[in-house]
Engineer: 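Before I ask anything, let me first share the structure, which is written out below as structure tokens.
Hydrogens, waters and symmetry mates are skipped; everything else that's a heavy atom, side chains included, is used. Given the structure is predicted, the values throughout are model-derived calculations rather than measurements.
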Amino acid sequence: MAKVLRWTGYVLGVLLLLVLLAAAYIWFASSRTLNAKAEAKPEQLIPMEQASLEQGQHLLLTHACVECHGDNVQGRKFLEIPNVVTLYAPNLTWVAKRASDQQLAQAIRQGIGHKGSRCWSCPRRAIRI
Ligand code: HEC
């Protein structure tokens, strides 16, 4: 009986170790992917004229940008699961003051933020103008 218990203990110990190793691997692999720097390709900018501004306003509404970034793109909390996760979308007027037009176009069209990291949350591929 004692022998069976000891072996059960060994097996459970090994299983626990494997689960911990798998969790550590997933943690390292996902943090590497999330923090990976990406190289953005140059984007062709559209002219800053009344028609494009109106089209941009229309796209903001039809592509759900305001759902996360807020009505005036001032940023807001867009997801909250108590005790699990709270996600905020940044204030885009703040981002626009710090990023160039080229960087903003790359963020929107390629999903590469102005600091060079990947944006995971915005539906970037939907916008091709
Ligand atoms: C699901 C929520 C969500 C939606 C919808 C969304 N965004 Fe975002 N956006 C975010 C979050 C969160 C960030 C912060 C970076 C990240 O983690 O993706 C962000 C970052 C940005 C940035 C800043 C990138 C940088 O340079 O740091 C821009 C510009 C942007 N979004 C534009 C848009 C546009 C345009 C749309 C509509 C097509 C849109 N977003 C829709 C959540 C969202």
Side-chain angles (χ1 to χ4, degrees):
M1 187 63 189
K3 212 171 176 182
V4 171
L5 280 180
R6 187 160 1 113
W7 277 104
T8 310
Y10 287 149
V11 169
L12 287 178
V14 169
L15 282 178
L16 185 67
L17 192 68
L18 288 177
V19 168
L20 288 176
L21 283 174
Y25 173 76
I26 290 169
W27 190 80
F28 279 118
S30 57
S31 65
R32 210 177 53 193
T33 306
L34 285 172
N35 297 327
K37 295 280 175 200
E39 201 62 47
K41 293 187 288 292
E43 284 289 344
Q44 195 178 352
L45 299 178
I46 50 175
M48 189 75 92
E49 54 197 30
Q50 191 59 29
S52 8
L53 292 176
E54 280 166 15
Q55 193 188 4
Q57 195 72 38
H58 174 73
L59 290 169
L60 268 181
L61 296 171
T62 55
H63 285 70
C65 315
V66 291
E67 302 295 326
C68 290
H69 290 280
D71 286 341
N72 300 313
V73 296
Q74 77 285 12
R76 70 183 197 97
K77 176 164 61 180
F78 69 92
L79 181 72
E80 183 172 25
I81 303 172
N83 301 322
V84 180
V85 68
T86 306
L87 296 177
Y88 295 87
N91 180 342
L92 295 184
T93 62
W94 188 91
V95 174
K97 282 189 196 136
R98 284 152 184 86
S100 66
D101 289 351
Q102 184 59 236
Q103 287 172 317
L104 286 172
Q106 289 166 336
I108 294 168
R109 294 179 179 152
Q110 299 172 37
I112 299 171
H114 70 288
K115 290 184 183 153
S117 56
R118 286 221 164 268
C119 300
W120 296 103
S121 315
C122 307
R124 61 185 174 274
R125 289 195 183 89
I127 294 203
R128 266 283 144 217
I129 42 175

Engineer: Quick one: salt bridge (Lys or Arg N to Asp or Glu O under 4.0 Å) pairs with a partner in residues 96-105, sequence neighbours left out?
Structural biologist: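 Applying salt bridge (Lys or Arg N to Asp or Glu O under 4.0 Å) to every pair that reaches into residues 96-105, excluding sequence neighbours, yields nothing.
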Engineer: For Ala89 and Cys68, work out which heavy atoms get closest and say how close.
Structural biologist: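 The answer is CB-O, 3.2 Å.
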Engineer: Please round to the nearest 0.5 Å and tell me the distance separating atom NE2 of His114 and atom CD of Gln102.
Structural biologist: 14.0 Å
Engineer: I need the minimum non-hydrogen distance between Gly113 and Ala107, along with the two atoms involved.
Structural biologist: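 Shortest heavy-atom separation between Gly113 and Ala107 comes out as CA-CB, 4.2 Å.
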Engineer: Restricting to ring pair (Phe, Tyr, Trp, His ring centres under 6.0 Å), what partner residues turn up for Tyr10, sequence neighbours left out?
Structural biologist: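 Ring pair (Phe, Tyr, Trp, His ring centres under 6.0 Å) check on Tyr10 returns Trp7.
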Engineer: To the nearest 0.5 Å, what is the distance between OG1 on Thr8 and CZ on Arg6?
Structural biologist: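 Rounded to the nearest 0.5 Å, the OG1-CZ separation comes out at 11.0 Å.
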Engineer: Enumerate donor-acceptor pairs with a distance under 3.5 Å from any side-chain N or O in residues 20-30 to protein atoms, sequence neighbours excluded.
Structural biologist:
from: Ser30; atom 1: OG; to: Ile26; atom 2: O; distance (Å): 2.8
from: Ser30; atom 1: OG; to: Trp27; atom 2: O; distance (Å): 3.3

Engineer: Which heavy atom of Arg76 sits nearest a heavy atom of Gly70, and at what distance?
Structural biologist: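 In this case the closest contact between Arg76 and Gly70 is CD-CA, 3.6 Å.
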Engineer: Tell me whether Leu104 is reachable from Trp94 by hopping between hydrophobic residues (I, L, V, M, F, W, Y) whose side-chain heavy atoms are closer than 4.5 Å.
Structural biologist: yes
Engineer: How many angstroms lie between CG in Leu92 and CG in Asn72, if you round to the nearest 0.5 Å?
Structural biologist: 11.0 Å
Engineer: Hydrophobic clustering (ILVMFWY, side-chain heavy atoms < 4.5 Å, transitive) - are Val95 and Ile112 grouped together?
Structural biologist: no
Engineer: Does the Ser52 side chain pair with the main chain of Pro47, one donor and one acceptor, at a distance under 3.5 Å?
Structural biologist: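 Yes, because the side chain of Ser52 sits within donor-acceptor range (under 3.5 Å) of the backbone of Pro47.
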Engineer: For Val85, which fellow cluster members are found when Ile, Leu, Val, Met, Phe, Trp and Tyr are connected by side-chain heavy-atom distances below 4.5 angstrom, either directly or through intermediates?
Structural biologist: Phe78, Leu79, Ile81, Val84, Leu87
Engineer: Please report the interatomic distance CG(Asp71) to NE2(His69), rounded to the nearest 0.5 Å.
Structural biologist: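 Asp71 CG to His69 NE2: 13.0 Å, rounded to 0.5 Å.
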Engineer: Excluding sequence neighbours, so at least two apart, what forms salt bridge (charged side-chain N to carboxylate O under 4.0 Å, His left out) with Lys115?
Structural biologist: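 Counting only residues at least two positions away or on another chain, Lys115 forms no salt bridge (charged side-chain N to carboxylate O under 4.0 Å, His left out).
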Engineer: Tell me if the CD atom of Glu49 is crowded by more than 12 foreign heavy atoms within 6.0 Å.
Structural biologist: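 Yes.
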Engineer: Minimum heavy-atom separation for Ala40 to Gln106, with atom names?
Structural biologist: CB-CD, 3.5 Å
Engineer: Test of understanding: with side chain to side chain contact (heavy atoms under 4.5 Å, CB included), list the residues that count as partners of Leu61, not counting sequence neighbours.
Structural biologist: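 Only Val66 meet the side chain to side chain contact (heavy atoms under 4.5 Å, CB included) criterion with Leu61.
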Engineer: Could you grab the distance from atom SG of Cys65 to atom CD of Gln57, nearest 0.5 Å is fine?
Structural biologist: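 So the gap between those two atoms works out to 10.0 Å.
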Engineer: Return the CD to CZ distance between Gln110 and Arg118, rounded to the nearest 0.5 Å.
Structural biologist: 8.5 Å
